[in-house]
Number of protein chains: 2
Amino acid sequence: MRHEQRADAATLNSISPLPIYYQLQTIIQNDIEGGRLKPGDAITPERKLAERYKVSVGTVRQAIAPLVNEGFLIRMQGKGTFVAGTTMDPDYVRSYRFLSDFSEAEAPIKFTFKSLKKVAGSTRINACLKIAAGQDLFELKRLMLIDNEATAYSISYLPQRMFKRLDETPSSRFEKIALYRIIEQAYGVPTISRRELFSVAAADKEVAALLQVEPGSPVLVIEMMAYTHKERAYEFRKSFCTTRSRRLLREY
Amino acid sequence: MRHEQRADAATLNSISPLPIYYQLQTIIQNDIEGGRLKPGDAITPERKLAERYKVSVGTVRQAIAPLVNEGFLIRMQGKGTFVAGTTMDPDYVRSYRFLSDFSEAEAPIKFTFKSLKKVAGSTRINACLKIAAGQDLFELKRLMLIDNEATAYSISYLPQRMFKRLDETPSSRFEKIALYRIIEQAYGVPTISRRELFSVAAADKEVAALLQVEPGSPVLVIEMMAYTHKERAYEFRKSFCTTRSRRLLREY
DNA sequence: GCTCATTTGTTCGTATGTATC
DNA sequence: TGATACATACGAACAAATGAG
C-alpha cells in the first residue's frame, strides 16, 4: 500500500527565487497529478522528506499544509499522509439535487440504470473531451426518480481508452454509487471541477417517454463537462430534467 | 483605517483541549463575522498579537493562516493583514455568464438598470430572507444584454432595514458594478455563498416583453438566495433567461 | 534617492503531546 | 510497550516589501 517515491530526480534549489517549501509542494503535487501517487497511497513521512531534501520538518509541513488544504492530501495523526481522491465537497459534487422551495428539505433521489454500451465517437463530444475524433466512447444512460416519479434523465459519454472495461461493471453498481466515485475508485481519476451549460429545450420522443411528459414540451437541459487534474476532461453528460413539482439545486 | 481591537474580553485557555492557535483563530473569526472587523480593516500585527496573548509568533501565524486560506483575511508583506470582502472567486460569483458551447469564448454582457423602488414585504420572500413578514423590501430590476440582445432579466429583493438608503444609489452604478460589490463596499456585507433553484416556466407578459419572446414561451428561471456570514440571507433574486443562442454557464 | 521603522515571509531547530499499530 | 508519525508550541534569525520622513 505504501508508495515508494523514487529518490527524486527533482531536487530543491536554494538559489531559486521560489521558496523551498513551494518547490517541495510542487514536486509532491506533480507526483499526484502525474499519477505517480494515486488516491490512497501514503506519501513519505515528513521527517524522512526533511532528511532526504535536507530541510527542516517545519518546511516540509509548510509544503504539505496547502496540499492538505486544497484536498490533494489527507493527514492522519499516527498513521501518515495519504493521497486524497475527489476533492469536491460531496454535497456539491452531487449533480441531481431537487427542492420544491428554499425552505423545504431535499428530496431523496433514486438512480436507475438504463444502459451502458460502446458507441463510436462523435465530432462534437470528442472535441469537448479533447480526444481524437476517431476514439470510441462509452454511453451510459440513467434515469433519476423522486417519489417514484421520473425527474431527470442523463446520458454520459466517457472515453473508452481512459476507462477500459467500464462496461464490465455490474449495472447495479451504477444505481448504488455515484459515477464519480466509480471513476475514482476503479481508475484512480478524481473529480476536480465541473462546468455546466443550462438551457431550455423541447423534449424529443426518447426523453418525453422516459420523463413522462408530452413530446415537445419544454424541459431543463444541462450539458456538463467533468474534469480531473490539469483540467483534463473525462466525461461529457447531457441531462434532461422536469421541473413540475421540484427544482434543481446548485450551491456555491 | 486601522481598526483597534478591544483588549480582549476573550482570553486563551491553555488547559482547554482546543489548541491555542484554534482558540485565537476563533476569536478573530468571531470579530469578523460579528462585524467588529469590517472588510478593509487591518488586524493587529502578528507580533503584537503574540505579545498580547503571550504566545509565540508561530502560534499566531497558525491562527491566521487558515483564515487567510478561507478568504477571511488577506496578508500583505510590509503592510499588514486585512479583513477581506467577498470570498468567492470573482468568476464564480458572477451570476450571468453565457456560452454558446464549451469550446466557445464567454460572451461579454451588458447590464442595464430598469428600476429600484421600495415595496412591501411578501410572505414568501420575507420567509426566505428570514425576516419578519411586515418588513419592507427594495426591488431592483435589471436587464442583461449580449450583443444588444436581451438575454436575462432579474428582479432582486433586499431588506430595507439591512440596506438603508440603497435607493439613493445613482442608477448608473448598478450598470457598472456588480450588485454584490455595491453591497460589500457600501454596507460591509460580503457575499459568502449562494443557492440557486433552476426550473423552466412560461414567460409572463412582463418577461416576454423585456426578453422579446412570445408570451407563454418557455424560459429558464433561476431563483437565487445570496448569503453573507453565518448563512444570513441578504438577497432573494428571480432571473429569467432566454437560451436561444447562448446557454448559462456554471462552474464548480 | 536614501534610510529607517514596521510588518509579513521564509527557514531553521527543538521539545513535547497524542494517535496508531 | 515501543516504534512510528503527525500535532502543537516555542523562539530565533534573516529576507523582503512598504511607507514615512
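Convention: sequence-line order gives letters A, B, ...; per-chain numbering from 1.
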* To do: Rounded to the nearest angstrom, tell me the gap between atom CD1 in A/I43 and atom C1' in D/dC6.
  => 11 Å
* Between C/dT20, D/dG19, C/dT18, spot the one nearest the side chain of A/K79, thanks. => C/dT20
* Spacing between A/R47 atom CZ and C/dT16 atom P, to the nearest angstrom -> 13 Å
* **Atom-to-atom span, CD1 of A/I74 to P of D/dA5 - whole angstrom** => 19 Å
* **Among C/dT11, C/dA19, D/dT18, the nucleotide that comes nearest once only the side chain of A/P19 is considered** => C/dT11
* **Any residue meeting side chain to side chain donor-acceptor pair (under 3.5 Å) with A/E106, in chain and number order, not counting sequence neighbours** => A/R94, A/R97
* Return the nearest nucleotide to the side chain of B/K48; candidates are C/dT10, D/dA5, C/dT7. => C/dT7
* Please tell me which of A/Y22 and B/E46 maps to the more 5' nucleotide of DNA chain C, matching each residue to the nucleotide holding its nearest heavy atom. => B/E46
* Please determine if B/E251 and A/R194 form a salt bridge, counting it only when a charged side-chain N lies under 4.0 Å from a carboxylate O. => no
* Structure fact -> Taken to the nearest whole Å, CD/A/E51 to P/D/dT4 is 11 Å
* **Those residues that, when tested against B/S156, pass side chain to side chain donor-acceptor pair (under 3.5 Å) (two or more places apart)** => B/E235, B/R237
* To do: Ignoring the backbone of A/Q77, work out which of C/dG17, D/dT8, D/dA15 is nearest its side chain.
  => C/dG17
* Using the test salt bridge (charged side-chain N to carboxylate O under 4.0 Å, His left out), find all partners of B/R142 that sit at least two apart in sequence or belong to another chain. => none
* Which of parallel (below 30°), tilted (30 to 60°) and perpendicular (above 60°) describes B/Y234 and B/F163? -> perpendicular
* Structure fact -> Across all chains, not counting sequence neighbours, the salt bridge (charged side-chain N to carboxylate O under 4.0 Å, His left out) partners of A/K54 are none
* Asked: Can you list the residues that meet the salt bridge (charged side-chain N to carboxylate O under 4.0 Å, His left out) rule with B/D101, with sequence neighbours excluded?
  -> A/R124, B/R247
* Rounded off to whole Å, could you give me the OH-to-P distance for the B/Y53 and D/dG11 pair? => 18 Å
* In whole angstrom, give the distance that lies between atom CE of A/M76 and atom P of D/dC6. => 10 Å
* Return the value, rounded to whole Å, for the distance between atom CZ of A/R75 and atom C1' of C/dT18. => 14 Å
* A/L73 CG to D/dA7 C1': how many Å, rounded? -> 16 Å
* Structure fact -> Expected list for residues 55-63 of chain B near DNA chain D, using heavy atoms below 4.0 Å, is B/V55, B/S56, B/T59
* Candidate nucleotides C/dG9, C/dT11, D/dT8, ranked by approach to the side chain of A/I20 - the nearest -> C/dT11
